[in-house]
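To start, the structure itself, in structure tokens.
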Amino acid sequence: MASITIKLPDGTPLELEEGATGADAAAAIGPRLAKDALAVRVNGEVRDLARPLDDGESVEILTPGRPDSLEVLRHDAAHVLATAVLDLWPGTKVSIGPPIADGFYYDFEFPDGFRPSEDDLGQIEERMAAHVEADEPFERSESGVAEAIERFRREDQPYKVELIEDLIRDEGTETVSLYRNGPFVDLCRGPHGPSTGRIKAFKLNSVAGAYWRGDENRQMLTRIYGTAFFSKKELEEHLERLEQARARDHRRLGPQLGLFTLLPDAPGMPFWLPEGTVLLDLVAREVRKQLVAGGYEEIKTPQVLDEELWHRSGHWDNYAENMFFTDVEDRRFALKPMNCPGACLVFGSERHSYRDLPLRLAEFGLVSRNEREGVLHGLLRVRAFTQDDAHVYCTLDQIGDEVDAICSAIDQLYARFGFDEVRVELSTRPDKSIGTDEQWERAEEALREALERQGREYEVSPGEGTFYGPKIDFHITDALGRSWQCGTCQIDFQMPERFDLTYQGEDNAEHRPVMIHRALLGSMERFVGILIEHYAGRFPTWLAPVQAAILPVADRHNDYAAGVADRLAATGVRCRVDDRSESVGKKIHDAEISKAPYMLVVGDREESDGAVSVRSHGEGDLGAEPVDEFAARVDREVSW
RNA sequence: GCCGGAGUAGCUCAGCUGGUAGAGCAUUCGCCUUGUAAGCGAAAGGCCCCGGGUUCGAUCCCCGGCUCCGGCUCCA
């Protein structure tokens, strides 16, 4: 009998009979593995257990907990979802159902214009549970494309037909794979687990509209989102995480902590409350430290500029639909959606020498963009926000040093806010672009060299640059592991051209400067939104709008409390006295909820000792200490 | 913009497919003068999102609008 030899992940060879499958391999290794096995990775590609292995292949048995096994399980769950939906609403047209980051979805077109709501998820889950209970095997088969099209035509599944037709056209596909589980047969690349019984824990989360192929001109389908895990425990932990994320939601915490509020009177434009304004200012101060260190000068340019300017800058052609316009007497103006044209006007308003370069103009510029209403989201997607923007005018040769400086400013600034994990992405020339090949090459090279010089890891996104130049984007990862794009650094040859910006060179001739657009945090308001969620509203002492809540035990201690507040304020501690006629317990309760880092209880004992009793948010009672000592404690914690 | 859901006191929400409304917190006013996570009592607070329609009668049902929430290329 012929045999084959495969290689296991630890390098050991395993001899199997010819035609042996992944399942056979698992069984040959051990019964426990055979039972746990879900799929198999062959030379890096995940496959069904039932497919035969070939001689010499590297084989890894995928079990729960291994990378990619969860994707297989969730893909299985998506099929079971479709099975359940077809049970309940025969005639439903199915489209696609992939696994995604936190679960899976499946997009359907329900018959007769019916659209299920979230109330219907329960009965779908029940049907799914029945199929899981029945432990139906996933069976793979192959079919010629003509036959497959015929099949899905017969079943009145036009989306599947379209998918196959596209595969034929785009990839020259001749055979497609089909997967059966119970009564349901789906066009599917796979892979799948052995049977539906493996889906031990699943839940349907929500229903939403989604366009067929993401194209808003095409049919709107109904998407059902769900998630699945190998165990009930993992599912519960996942739901717990979602709950935590909800509790951290800046849209909930913002108004609750008195930071900002969102009102229907100005959709997408937050109102900043006193403590939120303090927070914004503290963030701006950190940015300004970087401006000073980096040799930037700060400017302010107008909010509203003549429409003509936007024609000149190219925004009117490329950005008009996102701009707000306003008529004043006979002139048409636009609210600025970006700060760069203003900065260019400043640069162009006087003659410059090569000795001035690099000229670094920073602006905390409030920009207004008419975002489509449906995409507005708290502070994260708004219609008006402040960019910590800057434009550096320099020579081609100076780009490298400037980029280096910008990168290190970003590192320092992010570290200050507790974001140590920074992901860097280099985006190169898109198909549609302006400028010469040489300019692009030099700019991309300058960015690449700067990143290499710093020994940074970075991803390249080919063709994702702006139309005027390549860029580097900086992404941070928050406490819940979510990624946010914040900083950006873009090389621009075009704007100086359009605004005819020049400097006088050493050779006495006029030269064109290069312009670098750069933002460290991006949107100040959005960054504060990210901070709120990152810290769950429990800001570190240096960033807390109120660092110490002073809590008099009884009304007779209010004067002493006010005195303490004055002394602390004089040393720079931000504090607030709670002089209501409430019990200490109540005041502590409220202060804890406001998440102030320190509470200072003052009563008879403290008054006679010139002290405060310190309670820390989180740590509890720390005992009494003199007022100056507490001020020193805060100072120690805040200084850097 | 599109699909689904929601809109009731300042906030969080109850309110039987029809008879013009309730709780907790917050607010104000009393009382209490408090020692490390909610003291007691009272009052005040409502165009039940807006506009139409159905009805003897609409917070509730129907239509339109506004605002908010979840989504809308992670592609067999």
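Proteins get letters first, then strands, A, B, ... in listed order; numbering begins at 1 in each. The model shown is predicted, which means the values in this text are computed figures rather than measured ones.
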What is the nucleic acid contact for [X], judged by heavy atoms within less than 4.0 Å: base, sugar-phosphate only, or nothing?
X	value
V553(A)	base
N205(A)	nothing
G585(A)	sugar-phosphate
Y225(A)	sugar-phosphate
R251(A)	sugar-phosphate
R223(A)	sugar-phosphate

Could a donor-acceptor pair under 3.5 angstrom be found where the side chain of [X] meets the base of [N]?
X	N	value
S583(A)	U33(B)	no
E606(A)	G35(B)	yes
Y105(A)	G71(B)	no

Strictly below 4.0 Å, N to O, side chains only: are D68(A) and R41(A) in salt-bridge contact? yes
Nearest nucleotide by nearest heavy atom, which residue falls closer to the 5' end of RNA chain B, M220(A) or G618(A)? M220(A)
On a whole-Å scale, what distance lies between the [atom1] atoms belonging to [N] and [M]?
N	M	atom1	value
G64(B)	G19(B)	P	25 Å
G46(B)	C11(B)	C1'	15 Å
C3(B)	C63(B)	P	14 Å
C62(B)	C25(B)	C1'	37 Å
A43(B)	C48(B)	P	23 Å
C68(B)	A26(B)	C1'	22 Å
A9(B)	G15(B)	P	15 Å
G22(B)	C66(B)	C1'	27 Å

Under a 3.5 Å cut-off for both distances, is [N] Watson-Crick or wobble paired, and to whom?
N	answer
C61(B)	G53(B)
C2(B)	G71(B)
U34(B)	none
G45(B)	none
C13(B)	G22(B)

Give the residues of residues 157-175 of chain A touching RNA chain B, defined as any heavy atom closer than 4.0 Å, sorted by residue number. K160(A), L167(A)
Pair [X]-[Y], side-chain donor/acceptor within less than 3.5 Å:
X	Y	result
D48(A)	H192(A)	no
T227(A)	D102(A)	no
S143(A)	R151(A)	no
Y159(A)	Q219(A)	no

Collect all protein-nucleotide pairs involving nucleotides 24-32 of chain B in which both atoms are nitrogen or oxygen and the distance is under 3.5 Å.
unit_1 : atom_1 : unit_2  : atom_2 : d
A26(B) : OP1    : K586(A) : NZ     : 2.3

Counting only side-chain N and O atoms of H557(A), is one of them less than 4.0 Å from OP1 or OP2 of U34(B)? no
May I ask you to establish whether R223(A) and Y105(A) are in a cation-pi arrangement, using a distance under 6.0 Å from NZ or CZ to the six-membered ring centre and at most 45° from the ring axis? yes
Kindly indicate whether a cation-pi arrangement holds for R74(A) with F229(A), taking the cut-offs as under 6.0 Å to the six-membered ring centre and within 45° of the axis. yes
Would you say CD of E155(A) has more than 12 non-hydrogen atoms from neighbouring residues, nucleotides or ligands within 6.0 angstrom? yes
Is it the case that atom CG in D559(A) sees more than 12 heavy atoms from other parts of the structure closer than 6.0 Å?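 Count not over threshold, so no.
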Which one, [options], comes nearest to the side chain of [X]?
X	options	answer
H589(A)	C74(B), A38(B), U36(B)	A38(B)
Y211(A)	A37(B), G1(B), U34(B)	G1(B)
E592(A)	U36(B), C74(B), A37(B)	A37(B)
A210(A)	U34(B), G70(B), C72(B)	C72(B)

Should the ring pair F108(A) and Y106(A) be called parallel, tilted or perpendicular, given that the plane angle runs from 0 to 90° and is split at 30 and 60? parallel
Determine the interplanar angle of the F110(A) and W89(A) rings, folded into 0 to 90°, and report it as parallel if under 30°, tilted if 30 to 60°, perpendicular if over 60°. perpendicular
Please list, chain by chain and in numerical order, all residues satisfying side chain to side chain contact (heavy atoms under 4.5 Å, CB included) with V627(A), sequence neighbours excluded.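 With neighbours one apart ignored, the set is Y560(A), V564(A), R567(A), L568(A), V612(A).
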